[in-house]
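Here is the structure we will look at.
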Amino acid sequence: MPVRREEPRRMKPEYRDCFLPFLQPGERLVIACDYFANAALPSVPAELRAPTVPHAPSAIEERVRGVLGSALGAVARPLGAVTNSRLVNNPLARAAGRVGDRVERTVDALDHAADRAVEKAIWGTVMDGGWNSTAGRFLVDLTNAGGTPRRQAMTDSRLILLVDRNTSWRDTTPRWDFGVAVSRTDIARINPHPKAVGGRGRFDVGFTDGSWIALGSAVRTHMEAFVSAWNRGA
């Protein structure tokens with residue numbers, strides 16, 4: 001009896017269509033869904049991170065900034081004398097400012113660490129393998145892609161993640177771009193994780209080199225369909 005394969009037309013267009021421009025000639029999309037990032041995944045070391053490219057503001061953002069800049073400039077001009085005063089330029093004041101910046105960065109880092117601790121308490125271990133393993137390179141490449149990972153798909157040859165590069169607060173239309181991909185020949189298993197929080201679904205992707213990484217969907221049924229597609233050889 002032939003294995004039933006899920007065709008792209010049966011997927012929701014919001015998940016299916018964004019992948020079509022990134023398929024290779026002859027590549028068939030099997031299943032696509034949302035991607036939910038696990039906050040417990042380790043942070044990629046600074047030496048493995050690609051240099052960040054500043055975001056180019058849109059024309060609308062430029063106009064808004066111009067208006068705000070003019071308004072703030074009108075308010076700030078009467079304070080020019082204070083800005084140039086010995087108080088502001090005092091070495092102690094500058095040192096205090098640097099300490100304040102470091103404190104702010106430390107607070108942000110602690111907040112991130114707290115989020116990761118909560119996620120790890122909920123989900124447990126979320127990755128195994130060094131940064132040179134398939135799992136490690138997968139996370140490094142996804143991090144260096146920039147943007148926000150929001151879609152994942154399985155084709156007949158690859159596991160693919162897409163990122164959304166849109167940072168506009170006015171127009172929220174996604175700007176899809178390639179995030180990371182791994183060949184199905186490098187994947188040894190895809191298993192569902194037994195824990196579920198708020199309906200979310202986590203699954204673990206194990207690679208042929210023994211490393212593995214946790215991926216997930218915000219919807220548990222999406223995760224189950226993704227895992228099922230792999231296990232039935234679709």
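Just so it is clear, the values below take in all heavy atoms, side chains as well, and ignore hydrogens, waters and symmetry mates.
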| message | The criterion is side chain to side chain donor-acceptor pair (under 3.5 Å); which residues satisfy it with Thr185, sequence neighbours excluded? | response | Ser183
| Are Trp131 and Leu139 close enough, and set up right, to give a side-chain contact (heavy atoms from CB on, under 4.5 Å), and what steps lead you there? | CA-CA 8 Å; Trp131 294 112; Leu139 186 55; 4.0 Å; yes
Would you name the heavy atoms of [X] and [Y] that are closest together and state the gap between them?
| X | Y | result |
| --- | --- | --- |
| Asp171 | Ser168 | N-OG, 3.1 Å |
| Ala145 | Phe178 | CB-O, 4.0 Å |
| Pro192 | Val227 | CD-CG1, 3.6 Å |
| Asp177 | Arg165 | OD2-NE, 2.6 Å |
| Phe207 | Trp212 | CD1-CA, 4.1 Å |
| Pro149 | Leu142 | CG-CD1, 3.9 Å |

For the atom pair [atom1] ([X]) and [atom2] ([Y]), what is the distance rounded to the nearest 0.5 Å?
| X | Y | atom1 | atom2 | result |
| --- | --- | --- | --- | --- |
| Ile187 | Thr134 | CD1 | OG1 | 10.0 Å |
| Asp34 | Met223 | CG | CE | 11.5 Å |
| Leu20 | Arg16 | CG | CZ | 6.5 Å |
| Ser211 | Asp128 | OG | CG | 7.5 Å |
| Ile160 | Leu162 | CD1 | CG | 7.0 Å |
| Gln152 | Ile31 | CD | CD1 | 9.5 Å |

Does any non-hydrogen side-chain atom of [Y] lie less than 4.5 Å from one of [X]?
| X | Y | result |
| --- | --- | --- |
| Thr208 | Asp186 | yes |
| His193 | Phe203 | no |
| Met154 | Ile190 | yes |
| Leu159 | Arg184 | no |

| Which residues share a side-chain contact (heavy atoms from CB on, under 4.5 Å) with Gln24, sequence neighbours left out | Glu27, Arg158
| query | Is there a side-chain contact (heavy atoms from CB on, under 4.5 Å) between Ile213 and Val126 once you walk through the steps? | reply | CA-CA 6 Å; Ile213 189 169; Val126 294; over 6 Å; no
[X] side chain to [Y] main-chain N or O, any donor-acceptor pair under 3.5 Å?
| X | Y | result |
| --- | --- | --- |
| Asp156 | Arg28 | yes |
| Asp164 | Arg175 | yes |
| Asn144 | Leu48 | yes |

| Intermediate values then yes/no, side-chain contact (heavy atoms from CB on, under 4.5 Å), Leu215 and Phe138 | CA-CA 11 Å; Leu215 304 181; Phe138 184 93; 4.0 Å; yes
| said: Given Arg151, which partner from the list Tyr35, Trp176, Phe22 fulfils the side chain to side chain contact (heavy atoms under 4.5 Å, CB included) test? | reply: Trp176
| request: Just do the side-chain contact (heavy atoms from CB on, under 4.5 Å) check on Arg150 and Val163 with the steps written out, would you? | output: CA-CA 6 Å; Arg150 294 194 187 279; Val163 298; over 6 Å; no
| message | Is the ring pair Tyr15/His222 parallel, tilted or perpendicular, if the boundaries are 30 and 60 degrees? | response | perpendicular
| field | Ser228 versus Arg232, side-chain donor and acceptor atoms under 3.5 Å | value | yes
| Within a radius of less than 6.0 Å around CG of Asn132, do more than 12 heavy atoms belonging to other residues, nucleotides or ligands occur? | no
| message | Quick test of your reading: applying salt bridge (charged side-chain N to carboxylate O under 4.0 Å, His left out), list the pairs with at least one residue in residues 203-218, sequence neighbours left out, ordered by first then second residue. | response | Arg202-Asp204
